[in-house]
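Below is one structure, written out as structure tokens; comments come after it.
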Amino acid sequence: MEYKDTLNLPRTDFAMKADLVMREPQRLEKWTSAKLYEKIQAARACKEKFVLHDGPPFANGDVHVGTALNKILKDIIIKYQTLRGKSAPYIPGWDCHGLPIEFKVSQEMRKAGETNADAATIRKACDVYARKYIDLQRTQFKRLGVLGDWDHPYLTLNKEYEADELRLFADIVAKGFVYRGKKPVYWSIPCRTALAEAEVEYADHVSQSVFVKFPVVGQLKTFIVIWTTTPWTLPANLAVAYNEKLQYVAATVGDEKFILFRGLLPAMAEKCGWTNYTETPLSLEDLSQLKYKHPFCNRISRAYPADFVTSDTGTGFVHIAPGHGLDDYNLGRANSLPIYSPVNDDGALAYSNELPVEQQMPAEMVGKSILEKHGKSDANEAVLHELRVRHALLHQENYHHSYPHCWRSKTPIIFRAMDQWFIKIDHDKFREQAVAEIDRVKWIPDWGVNRIKGAVQSRPDWCISRQRTWGVPIPAFYDPKGEPMLDAQIVRNAADLIEKHGSNVWFEKSAAELWSLVKPKDWNGAEAVAKSNDTLDVWIDSGSSSRAVLMRRKEFFKSEIGNRKSEMDWQADVYLEGSDQHRGWFQSSLLLSLAGNGAAPFKTVLTHGFMVDADREKISKSKQGAYEKPQTAEAYVKKYGADVVRLWVASQDYRSDIVVSEERINKVGETYRGIRNALRYQLSNLYDFDPAKHSVPDDQLTGLDRWILGEFAKLEAEVLAAYDQYEFHVVYQKLSQFIAVELSSVYHDVIKDRLYTDAANSPRRRSTQTALHRLVSGLCQMLAPILAFTADEAWEFIPGKPTGSVHESEFKQCTLSLDPDEIGKWVWLKQWREKILPELEKARQAKTIGKALDAKVEFVVPQVQWQLSDSELLRELVNVSALKITAGETDSLVVSKADGQKCERCWHWKTDIGQNTEHPTICGRCVEAVN
RNA sequence: AGGCGUGUAGCUCAGUUGGUUAGAGCAUGCGCUUGAUAAGCGCAGGGUCACUGGUUCAACUCCAGUCACGCCUACCA
């Protein structure tokens with residue numbers, strides 16, 4: 001007789017090999033056709049809400065691994081909250097407007113020979129372009145296992161969104177936040193537009209720095225020495241600034257005198273080759289009376305004290321052009337200087353009406369371009385030439401520094417004062433309110449609060465107008481005098497119009513038509529004669545989502561559909577983005593929501609770090625060329641499968657940098673296999689188990705099963721706490737270590753004997769199967785937020801599973817806990833196990849035994865502190881054939897070859913083999929089982 | 001340049017209010033098993049806790065500074 005056939009050996013169709021790349025798309029298909037997301041939402045409709053609001057990625061290009069990380073983290077949260085029984089809808093969004101798309105589209109149109117497209121045509125092409133990438137990214141996000149309302153995302157280009165954005169804007173206009181001002185803004189010359197702070201990136205740059213002589217009025221051959229790295233701003237010079245805390249001197253070199261900060265004189269002397277010079281100190285009064293003649297313009301200016309003048313570089317005198325820098329602007333305003341910016345939209349020097357023409361730059365300079373080509377610009381060259389001709393150039397050298405660049409054209413930006421719309425941050429103590437509101441929000445990690453506070457406290461007024469076509473129009477008009485008109489009611493009417501026709505209507509209709517459509521009934525102001533062609537900063541788009549999404553989508557309403565219980569019910573529970581969004585979306589959302597809705601749009605803000613490579617160096621999206629493989633989500637999903645990518649995301653503490661490397665993902669793949677095998681082992685031993693018929697009540701479970709369930713209950717508590725605190729790496733560590741230690745190396749190993757050799761329906765085997773059933777159900781659920789595909793796949797194999805998909809299920813905590821006696825016993829058992837295992841290893845090394853079942857263990861303990869059943873438990877725990885404990889004084893532990901013969905069926909060494917004539921080669925226990 | 005972070009075994013993480021030889025899992029090496037088998041079990045090796053200095057009887061833990069990396073900011077005139 002083949003006794004192997006009488007064993008209850010494991011069997012399952014849950015494959016050992018994951019084949020994720022092949023299997024996941026099939027499961028995805030299944031989810032879609034079963035309308036899984038909709039089913040889950042319907043089932044949770046009346047449950048407590050959990051609102052995670054998606055920050056919209058930009059609708060351009062493939063999904064980057066960093067973007068994938070963000071989406072996966074959000075999905076883990078959503079799936080976890082759903083598992084806990086909450087209603088956690090996920091409404092993805094896309095940021096659709098903006099320069100990158102317009103840039104691409106314009107390029108394509110130029111290539112196609114369309115050079116004279118009007119705004120409406122360009123906008124239509126941009127719309128098509130954005131939607132194309134939304135579709136692409138949607139497919140890639142779905143492939144990651146992210147469940148959500150993918151058929152109804154929010155898009156900032158939707159007319160309903162645009163209308164709500166304008167309504168929020170109208171509220172802010174009505175409250176007096178918005179003003180027209182002439183201030184220096186970042187200007188991109190190739191893009192011909194003002195830029196927001198967030199559209200500026202810093203890059204190394206070599207500037208031509210010059211030391212220039214400014215002749216002092218009334219003192220022959222005496223000069224103030226200034227330093228600048230932007231010679232083209234010299235035509236706009238209207239002052240110099242000095243620091244009252246520094247000691248200035250007049251250095252006499254030959255027959256010339258140079259005034260500068262004493263501390264920088266030696267460096268200056270070295271640059272200019274001054275070997276013999278004398279210095280005379282200047283008093284504060286001397287400085288305050290300094291007047292100078294502009295080196296090449298016909299005007300006289302003076303020196304002003306200013307704190308921002310530093311002593312480390314330059315000369316201690318700062319060249320001030322109020323139209324070309326923020327400090328310069330402030331100093332100019334404080335001293336009633338004109339905000340003079342003699343530069344046109346093309347980035348060329350030009351006369352401006354701020355000063356009489358005769359006081360402006362020489363005619364030869366007009367029209368010279370500031371834009372650098374190969375490190376040189378015509379404007380700089382023209383100014384340098386003029387300085388040389390006039391012997392005003394003391395020294396010239398290259399200066400390496402980090403300088404702001406346009407994020408699109410990658411060219412150095414310029415500061416340029418021009419008329420723009422601004423949101424006044426200090427309006428009605430708004431900045432203080434914003435800071436106070438920040439304290440009401442929970443920031444994770446907690447240092448985020450410093451980041452955003454710093455950003456809000458130091459930020460200048462918000463320049464919100466853009467001279468671009470692909471954006472939401474600013475519904476402003478011009479009166480016959482050319483004065484701009486921005487009125488809240490007009491904006492609201494425009495919003496209604498745009499809600500009906502889309503924002504293209506603003507570009508398609510004439511000013512007169514628009515005016516007749518949006519003019520308020522009780523209007524008594526001037527009549528409009530022209531419309532504004534400016535669009536809103538894209539940060540207003542995404543920053544308005546509190547109004548356009550949180551307050552709009554019924555799925556997010558916290559009480560019965562369509563009704564809100566309280567004023568604050570619209571606030572999201574969580575926003576989750578990269579830490580760069582402290583200056584970006586977190587801030588724009590906060591400011592707009594506070595100004596327009598009266599509160600921050602979020603209760604908790606979670607932040608994750610950035611992707612770095614194996615050497616912890618950044619991998620930026622624009623530097624992909626430097627890497628062999630594109631850093632797209634797809635590249636990794638295609639190779640490892642989404643679940644391994646998801647496990648990798650969960651495995652790391654995302655609050656600091658996230659290492660993305662092949663090595664790391666491979667390691668995670670190993671962990672994945674460990675988890676999968678554990679699930680497979682559990683499932684494979686439940687093939688004949690029906691929980692409805694065979695479940696054993698807690699108090700009748702064997703000690704071993706009670707122990708593992710007790711451990712499991714502790715694990716659950718820890719894992720849930722980690723999920724609640726968004727510490728998914730702790731979830732990963734706890735789960736993978738539990739599976740490796742408590743399960744794989746102890747419990748799973750030990751229970752093989754009873755599962756395989758006990759009679760199929762024996763109480764002991766059913767007890768263990770009851771435990772396994774609870775373990776595998778609980779594990780699948782705890783893993784489900786992370787291993788979205790695999791947990792669901794395993795779930796399908798669980799007998800008597802309560803729901804079709806694990807993602808529909810509700811988590812029920814394991815309540816079993818051991819009583820104090822049991823706990824004490826297990827401490828004792830584990831201590832002895834730790835002692836016995838090394839002895840078994842020694843016996844193995846000595847070739848006394850092979851596997852543990854070949855062994856007999858005998859040891860002596862000082863007093864009787866065990867019961868017979870406990871020694872049997874310990875025997876099981878170390879998996880030997882015999883274990884004998886005796887009371888005595890000596891502390892001995894002996895491992896020897898087990899007595900008797902090896903049972904052919906259970907492989908235990910037993911002394912009762914041969915007693916049964918029908919089954920002469922198996923032990924008594926097996927005889928019973930076989931019969 | 002400034003602000004905010006990060007830096008513990010090859011990898012990912014623990015390390016409670018400073019207190020014995022710094023832990024875990026994975027990976028590696030060596031063995032065992034062959035009734036989870038492209039699986040399972042055991043044992044072993046592996047760390048100047050980024051660096052330097054200080055406080056203390058005692059520091060991975062507190063303080064100061066340095067270095068590296070990341071994010072952010074900046075008018076470098």
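Here is the naming used below: chain letters follow the sequence lines, and residue numbers restart at 1 for every chain.
Helical stems of RNA chain B (runs of at least 3 Watson-Crick or G-U pairs, donor-acceptor distances under 3.5 Å) are listed by first residue: B:1-7 with B:67-73, B:10-13 with B:23-26, B:28-32 with B:40-44, B:50-54 with B:62-66.
Checking B:rG70, B:rG35, B:rG25 against every side-chain atom of A:Val741, the shortest atom distance belongs to B:rG25.
In this structure, A:Trp227 reaches the bases: a heavy-atom distance under 4.0 Å links it to at least one base atom across the strands shown. Contact annotation for A:Val668: no contact, since no heavy-atom pair falls under 4.0 Å across all strands. Note on A:Asp653: only backbone sugar-phosphate atoms sit closer than 4.0 angstrom, heavy atoms only; bases stay farther off.
Outside the 6.0 Å centre-distance limit, the rings of A:Phe223 and A:Tyr292 are not counted as a close aromatic pair. Aromatic ring centres of A:Trp227 and A:His395: separated by at least 6.0 Å. A ring-centre distance under 6.0 Å is found for A:Phe14 and A:Phe797.
Remark: A:Lys734 NZ is loosely packed, at most 12 non-hydrogen atoms of other residues, nucleotides or ligands lying under 6.0 Å away.
Between A:Asp753 and A:Arg765, no side-chain nitrogen of the basic residue sits less than 4.0 Å from a carboxylate oxygen of the acidic one, so the salt-bridge criterion is not met.
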Could you list all N or O pairs between the protein and nucleotides 37-41 of chain B that sit under 3.5 Å apart?
unit_1	atom_1	unit_2	atom_2	d
B:rU37	OP1	A:Arg680	NH2	2.7
B:rA39	OP1	A:Arg673	NH2	2.6
B:rG40	O3'	A:Ser744	OG	3.3
B:rC41	OP1	A:Ser744	O	3.2
B:rC41	OP1	A:Ser744	OG	2.6
B:rC41	OP1	A:Ser745	N	3.2

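Between A:Tyr636 and A:Tyr640, the ring-plane angle classifies as parallel under the 30° and 60° cut-offs.
Put simply, CG on A:Leu853 is 12 Å from C1' on B:rG35, counting in whole angstrom units. Rounded to whole Å, the distance from CG on A:Asn70 to P on B:rC71 is 16 Å. Per the geometry, CD belonging to A:Gln581 stands 19 Å off P belonging to B:rG70, to the nearest Å.
A donor atom on one side chain and an acceptor atom on the other are not found under 3.5 Å apart for A:Tyr681 and A:Thr12. Residues A:His748 and A:Gln682 have side chains that bring a donor and an acceptor to within less than 3.5 angstrom of each other.
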